[in-house]
Amino acid sequence: MSFFADKVVLVTGGASGIGRALGTELGRRGARVVFADLDADGAESAARHSRELGAAAESMALDVTDLEAFQQQVDGLTKSHGRIDILFNNAGIGVTGEFRDLPSEAWSRVIEVNLKGVIHGIQAVYPHMLRQGHGHIANTACVAGLVPLPMTSAYSASKHAVVGLSGSMRAEAAREGIRVSVICPGIVDTDMFDSIEYFGVDKQALLSPVGGAMMTPEICAQKILRGVERNRAVIVIGFHARLMWWLYRLAPRPFLRLIGLGFRLFRKQIQHRSQ
Ligand SMILES: NC(=O)c1ccc[n+]([C@@H]2O[C@H](COP(=O)([O-])OP(=O)(O)OC[C@H]3O[C@@H](n4cnc5c(N)ncnc54)[C@H](O)[C@@H]3O)[C@@H](O)[C@H]2O)c1
């Protein structure tokens with residue numbers, strides 16, 4: 001029997017990309033999945049698809065920036081299902097550009113969704129998990145939450161905070177029988193790259209060097225579930241992501257010099273193209 005069979009699982013950002021693939025794979029493995037998203041129609045479409053595959057799936061309209069709504073929805077879910085076993089705090093948005101080009105509103109949006117959305121999720125499920133004496137909270141960060149990368153200061157700040165929050169909580173929660181993991185994928189081929197806000201940089205120019213390194217959301221979802229099943233503290237996904245993390249920990253100064261050099265070359269190329 002699958003580790004996830006009959007588990008009650010809430011996936012935020014479940015309408016698209018990694019969240020949708022995660023929910024679908026969880027449904028295949030016998031979990032009772034709730035696809036939650038700001039995009040209520042997208043969440044229902046993901047749940048319907050999962051039900052067509054034989055899963056017990058439902059959808060939930062949810063804005064993770066709204067703590068009260070998050071708490072109400074989770075309270076309702078635990079009432080109807082009797083418990084909540086796993087929360088995937090997956091919803092997130094992207095913002096890219098050099099710090100000097102990022103408006104304050106972009107900073108606020110990314111912190112509100114990527115960091116406060118994760119905090120709200122924990123605030124909503126943790127009291128239930130403490131009462132149950134079990135549960136798993138899996139927060140999605142990014143490789144940009146482990147290593148410093150240029151053009152991502154706002155996004156990276158939100159994701160570094162999610163990594164710190166998750167590590168800190170893991171130690172506290174373990175003695176209550178609750179597991180906490182943080183998920184750090186490399187580049188995954190999802191709609192996020194269409195919805196990212198690009199400031200002072202062209203989407204094509206930014207993505208063309210990394211296109212070949214993208215993985216599918218389905219492969220990413222399988223690797224996430226393997227990490228969660230094994231209760232990994234930090235689930236780093238993708239060869240390039242693991243290599244960067246390893247290099248940064250092994251030799252931070254040369255790594256930063258290399259990243260700086262890469263950025264200067266990238267900027268030169270862009271200037272050259274626009275002349
Ligand atoms: N795609 C990548 O390369 C990549 C890499 C590393 C980490 N991540 C992270 O993975 C997570 C999922 O990203 P994705 O690539 O699947 O993106 P995506 O855009 O395909 O999906 C994100 C989902 O989150 C939802 N969402 C956005 N704001 C919300 C809110 N306030 N409340 C509820 N739902 C909201 C969107 O409607 C969307 O369905 C994000 O946290 C992202 O930062 C993505």
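When a ligand or atom number is given, it counts from 1 through the structure's own listing order. Just so it is clear, the values below take in all heavy atoms, side chains as well, and ignore hydrogens, waters and symmetry mates.
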Undergrad: Can you list the atoms of ligand 1 that are under 4.0 Å from a heavy atom of G92?
TA: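 So the atoms of ligand 1 that pass are 22 (C), 24 (O), 40 (C), 41 (O).
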Undergrad: Would you say CZ of F99 has more than 12 non-hydrogen atoms from neighbouring residues, nucleotides or ligands within 6.0 angstrom?
TA: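 For F99, atom CZ is not crowded (no more than 12 foreign heavy atoms under 6.0 Å).
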Undergrad: CZ of R29 to NZ of K7: how many Å apart, nearest 0.5 Å?
TA: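 Going from CZ on R29 over to NZ on K7, the span is 12.0 Å.
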Undergrad: Numbering the atoms of ligand 1 from 1, which are under 4.0 Å from a heavy atom of A15?
TA: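 Result: 39 (O).
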Undergrad: I18 heavy atoms, cut-off 4.0 Å: which ligand 1 atoms fall inside?
TA: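 Ligand 1 atoms under the 4.0 Å threshold to I18: 10 (O), 16 (O), 44 (C).
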Undergrad: Check whether any heavy atom of I187 sits under 4.0 Å from an atom of ligand 1.
TA: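 Yes, I187 has heavy atoms under 4.0 Å from ligand 1.
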Undergrad: Just to confirm my output: which protein heavy-atom neighbour is closest to atom 31 (N) of ligand 1, and how far is it?
TA: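 For atom 31 (N) of ligand 1, the nearest protein heavy atom is D63 OD1, 3.0 Å.
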Undergrad: Under 3.5 Å between any N/O of V188 and any N/O of ligand 1: does that happen in this structure?
TA: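 The answer is yes, given that V188 and ligand 1 share an N or O pair closer than 3.5 Å.
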Undergrad: May I ask you to identify the nearest protein heavy atom to atom 13 (O) of ligand 1, giving residue, atom name and distance to one decimal place in Å?
TA: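 The protein heavy atom lying closest is M192 SD, 4.0 Å.
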Undergrad: Do Y155 and ligand 1 have an N or O pair less than 3.5 Å apart?
TA: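 Right, the criterion is met.
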Undergrad: Any link between V182 and V180 through a network of hydrophobic side chains (Ile, Leu, Val, Met, Phe, Trp, Tyr) touching at under 4.5 Å?
TA: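 Yes, V182 and V180 fall within the same hydrophobic cluster.
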Undergrad: If only side-chain N and O atoms count, and only distance matters, is there a donor-acceptor pair under 3.5 Å linking S181 with H136?
TA: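 Per modelled atom types, H136 and S181 side chains form a pair under 3.5 Å.
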Undergrad: Taking 4.0 Å as the limit for heavy-atom contacts, which would you say applies to N90 with ligand 1: side chain only, backbone only, both, or neither?
TA: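 Within the 4.0 Å criterion, N90 contacts ligand 1 through backbone and side-chain atoms alike.
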Undergrad: By the salt bridge (charged side-chain N to carboxylate O under 4.0 Å, His left out) test, which pairs, at least two apart or in different chains, include something from residues 175-197?
TA: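 Sorted pair list: R109-E197, D194-K203.
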Undergrad: Counting only heavy atoms, which portion of M214 has something under 4.0 Å from ligand 1: side chain, backbone, both, or neither?
TA: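 The answer is neither.
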Undergrad: Any side-chain donor paired with an acceptor under 3.5 Å for T12 and N90?
TA: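 Checked: T12/N90 side chains show no N/O donor-acceptor pair below 3.5 Å.
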Undergrad: Tell me which protein heavy atom sits closest to atom 9 (C) of ligand 1, plus the residue, atom name and distance to 0.1 Å.
TA: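 In this structure, atom 9 (C) of ligand 1 has T140 CG2, 3.6 Å as its nearest protein heavy atom.
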Undergrad: Which atoms of ligand 1 are found less than 4.0 Å from any heavy atom of L62?
TA: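 Close to L62: 32 (N), 33 (C).
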Undergrad: Does any N or O atom in D37 lie less than 3.5 angstrom from one in ligand 1, N or O only?
TA: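 Yes, at least one N or O pair falls under 3.5 Å.
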Undergrad: Between the main-chain N or O of G42 and the side-chain N or O of D39, is there a donor-acceptor pair closer than 3.5 Å?
TA: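 Confirmed, D39 side chain pairs with G42 backbone.
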Undergrad: With only distance considered, is V64 within less than 3.5 Å of ligand 1 through an N or O on each side?
TA: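 Yes - when backbone and side-chain N and O of V64 are compared with those of ligand 1, one distance drops under 3.5 Å.
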Undergrad: Quick one: are R267 and E98 in side-chain contact, heavy atoms under 4.5 Å?
TA: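 Sidechains of E98 and R267: in contact.
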Undergrad: Would K159 count as being in polar contact with ligand 1, using the rule that some N or O on each side must be under 3.5 angstrom apart?
TA: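 Indeed, backbone or side chain, K159 has an N or O that close.
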Undergrad: Which atom pairs, one a donor and one an acceptor, fall under 3.5 Å between side chains of residues 242-260 and the rest of the protein, sequence neighbours left out?
TA:
residue: R249; atom: NE; partner: W245; partner atom: O; Å: 3.4

Undergrad: Using heavy-atom distances only, which candidate in C142, G238, S158 approaches atom 6 (C) of ligand 1 most closely?
TA: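 Nearest option to atom 6 (C) of ligand 1, by heavy atoms: C142.
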Undergrad: Show me which atoms of ligand 1 lie under 4.0 Å from any heavy atom of G17.
TA: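 Those qualifying, in numeric order: 16 (O), 20 (O).
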Undergrad: If you measure from CG on D6 to CE on M1, what distance do you get to the nearest 0.5 Å?
TA: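 The CE atom of M1 is 7.0 Å from CG of D6, to the nearest 0.5 Å.
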Undergrad: Looking at ligand 1, would C184 count as a contact under a 4.0 Å heavy-atom criterion?
TA: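 Distance cut 4.0 Å: C184 fails for ligand 1.
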Undergrad: Should G94 be listed as contacting ligand 1, given a heavy-atom distance under 4.0 Å as the test?
TA: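 No heavy atom of G94 comes that close to ligand 1.
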Undergrad: For a quick check under 3.5 Å, do H128 and D75 share a side-chain donor-acceptor pair by atom type?
TA: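 Judged by distance alone, the side chains do pair up.
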Undergrad: Checking contacts here: is it the side chain or the backbone of A36 that comes within 4.0 Å of ligand 1, counting heavy atoms only? Could be both or neither.
TA: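 The answer is neither.
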Undergrad: Assess G117 for proximity to ligand 1: is some non-hydrogen atom of it under 4.0 Å away?
TA: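 Checking ligand 1 against G117, which is what was asked, there is no heavy-atom contact under 4.0 Å.
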Undergrad: Compute the minimum heavy-atom distance from R20 to ligand 1 and say whether it is under 4.0 Å.
TA: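 No, that is not the case, since the closest heavy atom of the residue is not under 4.0 Å from the ligand.
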Undergrad: Side chains of D101 and Y198: does their closest heavy-atom pair fall under 4.5 Å?
TA: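 Sidechains of Y198 and D101: no contact.
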Undergrad: Looking at F266, does the NZ or CZ of K268 lie under 6.0 angstrom from its six-membered ring centre and within 45 degrees of the ring axis?
TA: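 No, a cation-pi geometry is absent between K268 and F266.
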Undergrad: Give the numbers and elements of all ligand 1 atoms closer than 4.0 Å to a heavy atom of F193.
TA: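 Answer for ligand 1: 1 (N), 3 (O).
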